Student: 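For reference, the structure I am asking about is given below.
Keep in mind it's a predicted model, so treat the numbers as computed, not measured. To find a chain, count down the sequence lines: A is the first, B the second, and so on, and within it residues start at 1.
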Amino acid sequence: MRQSRAIEIWVGIFVALGFLALLMLAMKVSNITGYVDNKGYEISAAFENIGGLTVRAPVRIAGVRIGRVSGIRYDSDTFQAIVSMRIDARYNRLPLDSSASIFTDGLLGENYVGLEPGGDEESLKEGDRIEITQSALVLEKLIGQFLFSRSQESDQ
Amino acid sequence: MITQLQHLGQWTLKRFERLGRSHLFLLRVSSGSWGVLARPGLVIQQIFAVGVLSLPIILVAGLFVGMVLALQLYNTMVDFGAEQSLGPVVALSLVRELGPVVTALLFAGRAGSALAAEIGLMKATEQLSSMEMMAVDPLRRIVAPRLVGGLLSLPLLAALFSAVGISGGFFVATGLLGVDSNAYWSQMQANVDLFDDIANGVIKSVVFGMVVTWIAVFEGYDAAPTSEGVARATTRTVVNSSLAVLGLDFILTALMFGDNE
């Protein structure tokens with residue numbers, strides 16, 4: 001009897017430890033916080049070129065993450081990419097004339113959408129479209145432009 | 001020439017017969033395994049034998065795998081100035097691959113071989129047939145609790161392996177290599193997905209737990225009732241379950257992560 005009680009205690013410790021590890025993986029390692037505040041509102045923006053932007057990339061304002069990219073689709077009428085973004089409900093005072101640009105986090109980091117607040121009194125609401133956008137900087141294009149301007153300089 | 005062909009045919013048929021027998025065995029055990037719910041004491045004893053007693057090797061292995069991973073990856077990543085990404089890379093490789101796979105391999109060596117030897121010896125000393133004489137079904141009394149115990153233990157062990165490994169990587173990265181501790185965790189949280197990565201890792205470890213214990217109890221139950229037969233069954237358990245884990249891992253990885261976006 002004594003033996004079996006000790007075994008049961010050990011198994012209890014083992015199972016508790018195992019679930020604790022799972023909990024740590026869920027809470028500390030993964031993005032569970034992204035699922036908790038799933039409320040919020042969705043806005044969209046049209047870009048000429050989104051570069052390497054992916055779904056679930058962060059949306060930032062003043063460097064602070066306020067939401068995530070929730071979907072990317074291609075509009076075949078305007079030849080633009082429509083990026084929809086889910087913004088956390090607590091950030092509900094973004095001016096209507098805010099502008100959106102796609103930036104890269106560091107030289108090799110992931111792409112994210114950066115919002116610049118405008119001066120409008122009204123705020124963005126569910127389903128609104130951001131009108132002023134700036135495309136991603138494509139490195140190859142920049143290098144191409146640079147080389148082109150250099151070769152023009154040397155011609156003169 | 002004909003005899004050679006006959007040998008080949010015999011060998012193939014034997015293989016298939018054994019494969020078929022193992023599946024019938026699994027079917028019979030799992031149809032009897034609902035009975036273990038009525039006697040959880042048996043399962044608890046098995047979780048102790050295969051789970052708790054495997055803890056030291058799993059924890060130590062996890063810690064060192066995580067630390068070595070951080071150390072090695074840092075050397076490469078620092079060349080690209082990407083040492084901030086150390087956290088997600090360590091976490092992803094542990095949670096997706098190394099946690100389930102290395103745990104299953106260690107589990108096959110530590111617990112699977114013991115299971116096969118135990119059941120094989122029971123058969124060799126005719127304990128199983130004397131149970132049948134007493135109208136006790138050895139599949140329900142002996143095999144089913146071991147199968148359920150292994151199935152429950154391996155996912156928990158794999159989760160512990162990953163958690164300890166990530167912490168080990170953290171200590172090496174921040175203490176030894178000078179990576180910012182906030183960057184380690186926040187980059188990790190930004191890149192590891194609860195469902196895509198962690199849940200799939202858990203599914204993997206459940207599958208591995210099933211396969212490793214199944215092979216172990218079948219090899220033991222099917223062993224020739226001699227000391228030589230038990231030795232062969234033990235060897236075959238470790239070899240076959242390791243191969244099965246590695247092969248299945250490829251298939252599962254291809255299914256889970258193959259069509260990303």
Student: At their closest point, which heavy atom of V95(B) faces which heavy atom of L25(A), and how far apart are they?
Tutor: CG2-CD2, 4.1 Å

Student: With a 4.5 angstrom heavy-atom cut-off, is it the side chain or the backbone of I166(B) that approaches chain A, or both, or neither?
Tutor: side chain

Student: Taking all non-hydrogen atoms of both residues, which atom of E8(A) and which atom of I44(B) are closest, and how far apart?
Tutor: CG-CG2, 3.8 Å

Student: For the candidates A199(B), G51(B), A91(B), which exhibits the highest count of non-hydrogen atom pairs separated by less than 4.5 Å from chain A?
Tutor: G51(B)

Student: Report the distance from atom CG of L156(B) to atom CG of L17(A), rounding to the nearest 0.5 Å.
Tutor: 9.5 Å

Student: Which heavy atom of V11(A) sits nearest a heavy atom of I47(B), and at what distance?
Tutor: CG1-CG2, 3.8 Å

Student: Mind listing the closest non-hydrogen atom pair of A159(B) and G18(A) along with its distance?
Tutor: CB-O, 4.1 Å

Student: Determine the minimum heavy-atom distance between L157(B) and F14(A), stating which atoms define it.
Tutor: CD2-CE1, 3.5 Å

Student: May I ask you to check whether over 12 heavy atoms, not counting those of Q72(B), lie within 6.0 Å of atom CD?
Tutor: no

Student: Would you find more than 12 non-hydrogen atoms of other residues, nucleotides or ligands less than 6.0 Å from Y74(A) atom OH?
Tutor: yes

Student: So does E116(A) have more than 12 non-hydrogen atoms from other groups sitting under 6.0 Å from CD?
Tutor: no

Student: What part of V164(B) lies closer than 4.5 angstrom to a heavy atom of chain A: side chain, backbone, both or neither?
Tutor: neither

Student: For W10(A), does the CH2 atom sit with more than 12 other heavy atoms under 6.0 Å from it, leaving out its own atoms?
Tutor: no

Student: Heavy-atom cut-off 4.5 Å, strictly under: side chain, backbone, both or neither for S85(B) against chain A?
Tutor: neither

Student: Return yes when atom CZ of R39(B) has more than 12 non-hydrogen atoms of other residues, nucleotides or ligands closer than 6.0 Å, and no otherwise.
Tutor: no

